[in-house]
Amino acid sequence: MKIATWNVNSVRARMPNILTWLKTSSPDIVLFQEIKCETSAFPAFEFEALGYKSHALGQKSYNGVAILSRFPIEDTLEHLPENENDPQSRYLEATIQGLRVASLYLPNGNPVTLDPFQSPVQFSDKYLYKLVWMERFQKHAAQLLNKEHPIIFGGDYNIIPEAIDVYDPKGWELDALYYSNSRAAYRSLINLGFTEAFRTLYPHQKNSFTFWDYQAGAWPKDNGLRIDHFLLSPEAADRMITCTIDRTPRGEEKASDHTPVLLELQI
DNA sequence: ATGGTTGTTGGACAA
């Protein structure tokens with residue numbers, strides 16, 4: 001079973017790139033983030049023509065997540081518990097072939113503070129939203145773990161886990177993606193018992209980025225970040241075969257600023 | 001120091 005996660009930065013603007021990539025990579029399940037359209041505008045028919053069922057959770061202009069699958073998508077959950085009234089579409093969970101799979105788009109959270117010179121530090125509303133979102137996600141993840149099913153949480157976590165995952169760690173210390181509280185929250189999530197697929201397989205591999213900013217020549221200079229991750233429950237980790245980052249789509253015309261991550265499971 | 005880019009939109013805002 002091949003499962004991919006990809007922040008496409010607008011599904012409609014990215015259709016030519018996505019269709020090309022689907023044909024060459026041929027994943028069984030795809031987790032999209034930032035589809036940036038309402039559910040009714042999701043191009044389900046075009047994916048259906050390639051053999052994919054889909055379930056989209058859209059939103060006007062911003063955010064939005066979706067799942068494509070060659071197999072039936074069942075028992076969908078469109079919000080984290082406690083986030084039922086959140087207007088931001090960032091979480092979609094479903095059962096596919098006995099796997100509990102989620103496509104998640106964690107809040108960016110910048111800026112961390114409104115006034116960087118203020119002491120003590122006062123977090124911005126955006127950063128507090130990120131921290132609360134992570135707390136709710138962790139609570140939900142802990143409950144799901146108890147069921148002892150294979151779980152795959154894939155998506156844009158907007159978290160740089162460690163120094164090896166960013167081209168300039170010093171320069172990113174005050175950014176919400178690398179801020180100490182963000183990394184601490186991510187660590188405590190993993191410490192519930194999840195396996196982060198890529199870094200577990202390749203503990204020391206540098207320049208394994210999944211995102212390069214559109215600005216300042218980040219892509220040609222390889223000034224990237226590794227912020228798109230797969231977290232696996234023990235029952236899923238037992239079946240892990242490979243996890244790879246496919247840089248090819250980032251180098252093409254009209255590319256998303258993220259590139260896909262692929263996970264292969266024995267199933 | 002500022003600007004550098006892309007997408008949704010039709011002016012900011014988000015990333």
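Chain letters run A, B, ... following the sequence lines, proteins first and then strands; every chain starts at 1.
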Rounded to whole angstrom, note down the P distance from dA14(B) over to dT9(B). 14 Å
Who pairs with E78(A) by side chain to side chain donor-acceptor pair (under 3.5 Å), at least two apart in sequence or on another chain? H55(A)
Mind listing the closest non-hydrogen atom pair of L174(A) and V112(A) along with its distance? O-CG2, 3.5 Å
Is the distance between the ring centroids of H79(A) and Y91(A) less than 6.0 Å? no
Test side chain to side chain donor-acceptor pair (under 3.5 Å) applied to T95(A) - qualifying residues, sequence neighbours left out: R100(A)
Flag side-chain contact, heavy atom, 4.5 Å: N17(A) against P249(A): no
Produce a footprint string for nucleotides 4-15 of chain B: one letter per nucleotide, 5' end first; B if the base is under 4.0 Å from any protein heavy atom, S if only the sugar-phosphate is, - if neither. BBSSSS---BSS
Nearest-angstrom distance, P atom, dT8(B) to dT2(B): 30 Å
Whole-Å P distance, dA15(B) and dA1(B): 27 Å
Can you check the distance between dG10(B) and dT5(B), where both ends of the measurement are the P atom (answer in whole Å)? 24 Å
Should E48(A) and F45(A) count as side-chain neighbours, where that means a heavy-atom distance under 4.5 Å? yes
